[in-house]
Undergrad: 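Once you've had a glance at the structure underneath, I'll fire off some questions.
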Amino acid sequence: MAKEITSRKEDYSQWYNDLVLKSGLADYSPVRGCMVIKPYGFGIWEKMQAALDKRFKETGHVNAYFPLLIPKSFLSKEAAHVEGFAKECAVVTHYRLKNDPNGKGIIVDPEAKLEEELIIRPTSETIIWNQYKNWIQSYRDLPLLINQWANVVRWEMRTRLFLRTAEFLWQEGHTAHATAQEAVEETERMLDVYANFVEEYLALPVIRGRKSPNERFAGAVETYCIEAMMQDGLALQAGTSHFLGQNFAKAFDVQFLNKEGKQEYVWATSWGVSTRLVGALIMAHSDDEGLVLPPKLAPLQVVIVPIHKGEEDLNKLRDKLLPLITELKARGITVKLDDDDTKRPGFKFAEYEMRGVPIRLAMGMRDYEANTVEVARRDKKEKGTVSFDGIADHIAALLDDIQSNMYKTALAFRDSHIRKADTWEEFQKLIEEPGFISAHWDGTSETEEKIKELTKATIRCIPLDNPQEDGKCIFSGAASKERVIFARAY
RNA sequence: CGGGGUGUAGCGCAGCCCGGUUAGCGCACCUGCUUUGGGAGCAGGGGGUCCCAAGUUCGAAUCUUGGUACCCCGACCA
């Protein structure tokens, strides 16, 4: 094999890296922790963007853009916020370079030191709320529902392609409301948007929940999240939606005059998903042969490989296939006829399997004569020969089937890897196996921290539609009303 | 920031211990011919600051010292 992918069993991390690099999604960049997103990877992100952006607009939001650089002083205005982000900020201190007077190369000009250092945004709450102060005076200015697509930088100690890069692309919604209830509703609405999107497009089931206080966003009153399970049983936070209370309004003094003519602080939310979703997509579905992409996000949904001897045969095949290609395109299906004569069919098969193209059609002269075509689906690695008549309908149906089959497979995997633990002994044993644990917790940070210290497991979330039941905390034995989800996480 | 590993052609590696022709192999790339139903064959060809710096030496990819980058594991985090 030309491009060997490490098997999942041998080395899961290496498998993931091989997949990303060899399928052409991304490259390492010269800067630690940063990555180049290549056209194929960016194509997936663009599809995610398009679907999400549509949903944001449908729920009343508009896009805007706020600057990359934030005055250092802004970060310190909200105490919990600075506490959470201070350790991972990239700082701009100078604005000019010059030739090194002592030799070759270039140095930072010490004369060009900034009066106030600038922070490269790790998130934009501060710069946005500084602006909202000027935009909001009356209840008539509310709600303010703004989203931005942007890049942010968090100087992480350890990075991983897509899952945790120093710079990443995301969207961040920042809304302002007149009442707490309205803001909470917005927080929950956007969590739902995320959950539905991930389940429908990424074919990945998620658990909707609230974070424990320990895991809350820096500056939030309540953090909602969606948690997904990867193939190795680890949890991945796929999106977050925060109810920020009046924390940022108070920090940036954003008040409005209500209907009764009284000044009140504005209620806020923020919510985001990032290019990490591309990582989730890869890790959730792919196999040892390469990527497995759900049709709704695959940059290329159908590839057609002609098998022929000589130009004359190829022309015959082209003539037969062209109407199909036209029809598929008319249905909004992305399709490519790979008639590159410098590569042989076997090579192409392997290549498109590695790149996760959901459907591959192959037609040789045998099929041509018999009016058939070979159809291969990537998700189940099945192939068969079907009649060429009505093939467009067959493909459209098959794409739907692949999308739903991938979801079902992921759902079955996840559900079979969530186990209940009712004693500490049971918990310790189960946490060594892949998957999530559903267990009672006494609600205290001390217990959560102790469990994390002993097992590396954290509370991923307190599920939203959680059945209430009497129980005892797995660790302390104190009374508990509901189970929470524990897992080791990315 | 601690532990481990690796820097030699676009990618993957050998050579280093024991210094010595023109630094080698596989894949990829280019040209030609034959091929094309699961990663083609033959022939010819191009491509190298051997991570950087200093040192030892007649001579360094190889030895010494210092630096640096990246990957993996952990602590931190979306």
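All heavy atoms count here, side chains included; hydrogens, waters and symmetry mates do not. We name chains A, B, ... by the order of the sequence lines, and we start the count at 1 in each one.
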Undergrad: What's A/Glu453 touching, base or sugar-phosphate or nothing? Going by heavy atoms closer than 4.0 Å.
TA: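 Answer is nothing: A/Glu453 stays at 4.0 Å or more from every strand.
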
Undergrad: Taking atom C1' in both B/G20 and B/G67, compute the distance separating them and give it to the nearest angstrom.
TA: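 To the nearest whole Å, 29 Å.
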
Undergrad: Using atom C1' of each nucleotide, how far apart are B/U6 and B/G46 to the nearest Å?
TA: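 Result for the C1' pair: 29 Å, nearest Å.
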
Undergrad: Evaluate ring pair (Phe, Tyr, Trp, His ring centres under 6.0 Å) for A/Tyr368 paired with A/Phe388, printing each intermediate quantity in order.
TA: CA-CA 9 Å; A/Tyr368 182 85; A/Phe388 194 70; 9.2 Å; no

Undergrad: Got a list of side-chain donor-acceptor pairs under 3.5 Å for residues 451-458 of chain A, not counting sequence neighbours?
TA:
unit_1: A/Thr455; atom_1: OG1; unit_2: A/Ile451; atom_2: O; d: 2.7
unit_1: A/Thr455; atom_1: OG1; unit_2: A/Ala457; atom_2: N; d: 3.2
unit_1: A/Thr458; atom_1: OG1; unit_2: A/Arg460; atom_2: NH1; d: 2.7

Undergrad: Using the P atom on both, measure B/C30 against B/G10 and round to a whole Å.
TA: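 Roughly 15 Å separates the two P atoms.
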
Undergrad: Scan the side chains in residues 161-171 of chain A for donor-acceptor partners under 3.5 Å anywhere in the protein, sequence neighbours excluded, and list what turns up.
TA:
unit_1: A/Thr165; atom_1: OG1; unit_2: A/Glu167; atom_2: O; d: 2.7
unit_1: A/Glu167; atom_1: OE2; unit_2: A/Asn151; atom_2: ND2; d: 2.9
unit_1: A/Trp170; atom_1: NE1; unit_2: A/Glu172; atom_2: OE2; d: 3.3
unit_1: A/Gln171; atom_1: OE1; unit_2: A/Tyr194; atom_2: OH; d: 2.5
unit_1: A/Gln171; atom_1: OE1; unit_2: A/Val273; atom_2: N; d: 2.8
unit_1: A/Gln171; atom_1: NE2; unit_2: A/Asn147; atom_2: OD1; d: 2.7

Undergrad: Among residues 196-211 of chain A, which residues get a heavy atom nearer than 4.0 Å to RNA chain B?
TA: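 Residues of residues 196-211 of chain A that come under 4.0 Å of RNA chain B do not exist, since none gets that close.
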
Undergrad: For RNA chain B, what is the dot-bracket line, given that a base pair needs Watson-Crick (N1 to N3, plus N6-O4 or O6-N4) or G-U wobble (N1-O2 and O6-N3) geometry with both distances under 3.5 Å, and | means paired with another strand?
TA: ((((((((.[[[[.)....(...]]]].((((((.....)))))).....[[[[[..)....]]]]])))))))....

Undergrad: Just checking A/Glu156: base, sugar-phosphate only, or nothing, at a heavy-atom cut-off of under 4.0 Å?
TA: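 Base: the residue A/Glu156, judged by heavy atoms under 4.0 Å, touches a nucleobase.
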
Undergrad: Roughly how many Å apart are B/G3 and B/G24, using the C1' atom of each and rounding to a whole number?
TA: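 B/G24 and B/G3 have their C1' atoms separated by 34 Å.
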
Undergrad: Over all strands shown, is A/Leu236 touching base, sugar-phosphate only, or nothing at heavy-atom distances under 4.0 angstrom?
TA: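 No contact.
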
Undergrad: Take atom P in B/A28 and the same atom in B/G12, then report the distance between them in whole Å.
TA: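 Taking atom P in both B/A28 and B/G12, they lie 15 Å apart.
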
Undergrad: Among B/G37, B/G38, B/G39, which nucleotide sits nearest the side chain of A/Arg366?
TA: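 So the nucleotide nearest the side chain must be B/G37.
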
Undergrad: Base, sugar-phosphate or nothing for A/Thr385? Non-hydrogen atoms, less than 4.0 Å.
TA: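 Contact class for A/Thr385: none.
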
Undergrad: Output yes when A/Arg216 and A/Glu222 qualify as a salt bridge under the 4.0 Å nitrogen-oxygen rule, no when they do not.
TA: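 Looking at A/Glu222 together with A/Arg216, the answer is yes, because their closest N to O distance falls below 4.0 Å.
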
Undergrad: Charged N to carboxylate O below 4.0 Å: is that the case for A/Glu227 and A/Lys211?
TA: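 Yes, this pair counts.
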
Undergrad: Given side chains that start at C-beta, do those of A/Leu191 and A/Trp271 come closer than 4.5 Å, heavy atoms only?
TA: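 A/Leu191 does not reach A/Trp271 side chain to side chain.
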
Undergrad: Can you check the distance between B/G26 and B/A14, where both ends of the measurement are the C1' atom (answer in whole Å)?
TA: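 It comes out at 11 Å once rounded to the nearest Å.
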
Undergrad: Identify which nucleotide among B/G38, B/A75, B/G37 has an atom closest to any side-chain atom of A/Phe349, counting heavy atoms from C-beta outward.
TA: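 Nearest to the side chain of A/Phe349 among the choices is B/G38.
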
Undergrad: NA contact type, A/Lys348, heavy-atom cut-off 4.0 Å: base, sugar-phosphate, or nothing?
TA: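 The answer is nothing, as A/Lys348 stays clear of every strand by at least 4.0 Å.
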
Undergrad: Could you tabulate the donor-acceptor pairs under 3.5 Å formed by side-chain atoms of residues 24-31 of chain A, not counting sequence neighbours?
TA:
unit_1: A/Ser29; atom_1: OG; unit_2: A/Val31; atom_2: N; d: 3.0
unit_1: A/Ser29; atom_1: OG; unit_2: A/Val31; atom_2: O; d: 3.1
unit_1: A/Ser29; atom_1: OG; unit_2: A/Cys34; atom_2: O; d: 3.2

Undergrad: I want to verify a distance call: between B/A78, B/G37, B/U35, whose nearest atom is closest to the A/Asp341 side chain?
TA: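 Within the option list, the nearest is B/U35.
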
Undergrad: Strictly below 4.0 Å: does A/Arg164 bring a side-chain N or O up to OP1 or OP2 of B/C76?
TA: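 Negative; the distance criterion is not met.
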
Undergrad: Quote, to the nearest angstrom, the C1' distance that separates B/A60 from B/C18.
TA: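 Each nucleotide's C1' atom is 14 Å from the other's.
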
Undergrad: Side chain of A/Arg154, heavy atoms from C-beta onward: which of B/G38, B/A78, B/G37 has the nearest atom to it?
TA: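 From the listed options, B/A78 comes nearest.
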
Undergrad: Listing time: all N or O pairs from protein to nucleotides 69-72 of chain B that are below 3.5 Å?
TA:
unit_1: B/C70; atom_1: OP1; unit_2: A/Arg32; atom_2: N; d: 2.9
unit_1: B/C72; atom_1: OP1; unit_2: A/Asn17; atom_2: ND2; d: 2.9

